[in-house]
Number of protein chains: 2
Amino acid sequence: MSLDHARAKPHDRLAAALEEDLAAVGALIRERMQSEAAPRIPAVTAHLIEAGGKRLRPMLVLAAARLLGHGGPFHVHLAVAVEFIHTATLLHDDVVDDSKQRRGRPTANLLWDNMSSVLVGDYLFARAFQLMVEPGNLRVLDILANASATISEGEVLQLVAARDLSTSEATYLKVIRGKTAALFSAATEAGAVIAGASGAEAEALREYGDALGIAFQIVDDLLDIEGTDAIGKNRGDDLREGKLTLPVIRALAGASGEERDFWTRVIGRGKVEEGDVERARELMERHGALASTRAEAELWVGRAKDALQRLPEHPVKEMLADLADYVVAREV
Amino acid sequence: MSLDHARAKPHDRLAAALEEDLAAVGALIRERMQSEAAPRIPAVTAHLIEAGGKRLRPMLVLAAARLLGHGGPFHVHLAVAVEFIHTATLLHDDVVDDSKQRRGRPTANLLWDNMSSVLVGDYLFARAFQLMVEPGNLRVLDILANASATISEGEVLQLVAARDLSTSEATYLKVIRGKTAALFSAATEAGAVIAGASGAEAEALREYGDALGIAFQIVDDLLDIEGTDAIGKNRGDDLREGKLTLPVIRALAGASGEERDFWTRVIGRGKVEEGDVERARELMERHGALASTRAEAELWVGRAKDALQRLPEHPVKEMLADLADYVVAREV
């Protein structure tokens with residue numbers, strides 16, 4: 001391991017433990033993002049995929065497989081497939097949200113055009129599909145096909161729920177399960193299955209990924225209000241896009257008439273003015289929405305760690321537990 | 001068979017022969033386009049999928065399977081998967097081309113928004129993926145995964161080649177193989193494989209689908225110039241979008257300096273004026289580009305019918321041969 005174990009962040013410790021696998025993932029990404037017919041494809045893909053994403057989802061596949069003693073090589077294919085699905089959804093999301101910046105760089109839809117983002121996203125999804133077929137494991141294909149459908153459903157649901165102040169917490173949970181947790185849980189479950197896991201082990205890793213993904217997205221939504229302007233992400237973006245995140249829903253639940261007018265203007269009608277992000281934060285604090293949202297994220301972290309208890313002892317298992325803690329502790 | 005055999009068009013005769021299968025396809029389409037989470041999904045899908053498409057691609061799956069004696073039921077799943085992939089690409093194409101009309105109705109991107117078209121397309125692709133996994137046949141999955149990648153590559157290549165007057169016939173062939181022939185050939189090959197075809201039979205049906213798809217697209221491109229304004233399609237659309245179709249490439253090959261200026265303005269710079277479609281047609285006729293393009297389509301029809309010769313006798317086989325002839329004879 002190349003990093004000081006005690007000081008490094010859980011994500012980096014996991015990356016160090018999976019160093020060889022991650023190198024293989026990087027090589028396979030570069031190989032499979034090529035297109036002889038259309039050189040624009042690797043250009044658009046490289047712009048996004050090499051911009052310093054954390055490769056969290058491929059790591060989840062690799063970690064699950066290694067935890068259960070898998071020797072390879074097909075966990076690498078599945079890890080790349082999961083990263084390609086993730087990259088495809090980012091390309092399409094940036095078109096849907098009309099985003100200008102991602103990972104600190106101009107988005108592909110801005111640098112090229114929406115057309116390239118749509119079509120290169122489709123290409124990466126197709127390449128992911130090819131990679132998933134290669135291991136010849138129908139259970140894995142079933143897991144990833146179902147995850148793909150859940151992801152798209154979550155995205156459409158988010159689109160339809162945007163600016164709708166009557167959005168319930170149940171709908172919010174469906175949206176974030178789709179946009180984030182579905183791929184996390186498919187990653188850990190697919191990693192388990194390719195390692196020949198028992199049904200109980202695969203289910204434990206699926207639950208871990210699901211709970212980790214939910215906690216991750218809740219914290220992401222919190223950081224839109226509480227965070228600093230991080231590289232490639234601006235505070236208040238979700239607010240401006242009219243997204244009904246958990247702190248918004250909880251602040252709305254206790255809102256006075258005047259407060260409701262504020263939310264109707266900002267979220268409902270999208271008229272965001274100077275100082276509105278601060279005002280939103282104040283209202284959330286007044287109703288305890290930030291604290292209760294953080295508690296909700298911690299609840300899911302607890303569930304993630306409980307699921308790990310049902311798995312055999314392994315150094316990677318401790319790292320996955322630490323990763324769950326880190327997901328709520330992070331500030332970017 | 002419910003239609004007068006002699007007078008009906010080949011497409012209708014095939015539909016009559018596959019009547020029960022097509023009813024099962026219709027039922028499965030309606031079942032699988034649902035989404036409990038997001039009702040916008042079936043709304044967008046129904047708008048397009050029930051607007052009277054010819055269901056040519058699902059028929060190719062069914063015909064190939066029946067020709068080889070398949071009793072079912074999984075050819076129906078594959079037929080629906082192929083129709084969903086086709087519908088997803090139409091939704092994304094209409095975003096890419098900023099189209100206003102498709103099959104005589106306003107496009108989904110116009111009725112809803114680009115965002116819905118992108119995300120519902122993604123959903124249909126994911127649903128197709130689920131349907132393809134269900135038969136549990138890895139060879140079929142491999143065929144359809146490869147076709148999906150070829151389709152996206154063709155679309156990106158078409159995007160990059162648009163307005164580029166130096167586009168070669170080889171590039172044109174790659175584009176139409178991607179945008180049309182890849183799914184035709186995957187449909188016939190997958191239908192053969194699910195029926196337990198030998199390698200030679202599956203290859204013959206793959207070649208038939210490939211050649212049929214190429215002929216189909218060449219004629220489609222011809223009709224942009226020679227056709228009448230059909231329902232949902234306007235003459236000269238490809239010209240306005242700067243697409244380098246075969247008649248354009250061939251008219252360009254013999255163009256005088258003045259003619260080249262015309263093509264540079266219309267295709268290269270997208271400055272289309274009143275009367276330009278007629279002028280384009282004149283120039284194509286002057287250089288024999290329309291006749292030679294039609295001859296090229298007929299060459300591919302010949303190849304499609306040759307491939308059928310390698311298959312066992314069956315009433316459906318004759319219909320597939322007639323369908324190939326009809327593809328070049330059609331006027332819309």
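Every chain is numbered from 1 and lettered A, B, ... according to where its sequence line falls, protein lines coming before strand lines.
- Closest approach of B:Ala126 to A:Ser152, counting heavy atoms only: CB-OG, 4.3 Å.
- Between A:Leu138 and B:Leu138, the shortest heavy-atom contact is CD2-CD2, 4.3 Å.
- Across all their heavy atoms, B:Leu141 and A:Phe129 have their closest contact at CD2-CE1, 3.9 Å.
- We find the CD1-CG distance between B:Ile151 and A:Leu119 to be 12.0 Å, quoted to the nearest 0.5 Å.
- Proximity to chain B involves both the backbone and the side chain of A:Asn146, based on heavy atoms less than 4.5 angstrom apart.
- Here the NZ atom belonging to A:Lys174 is positioned 5.5 Å from the CD atom belonging to B:Glu36, to the nearest 0.5 angstrom.
- The two residues A:Leu157 and B:Ala38 come nearest to each other via the heavy atoms N-CB, 4.1 Å.
- Minimum heavy-atom separation, B:Leu159 to A:Ser116: CD2-OG, 3.6 Å.
- Proximity of B:Glu155 to A:Asp122: side-chain heavy atoms (C-beta onward) are nowhere separated by under 4.5 Å.
- Considering all non-hydrogen atoms of both residues, B:His92 and A:His92 come closest at CE1-CE1, 3.9 Å.
- Heavy-atom distances place no part of B:Asn114 under 4.5 Å from chain A, backbone and side chain included.
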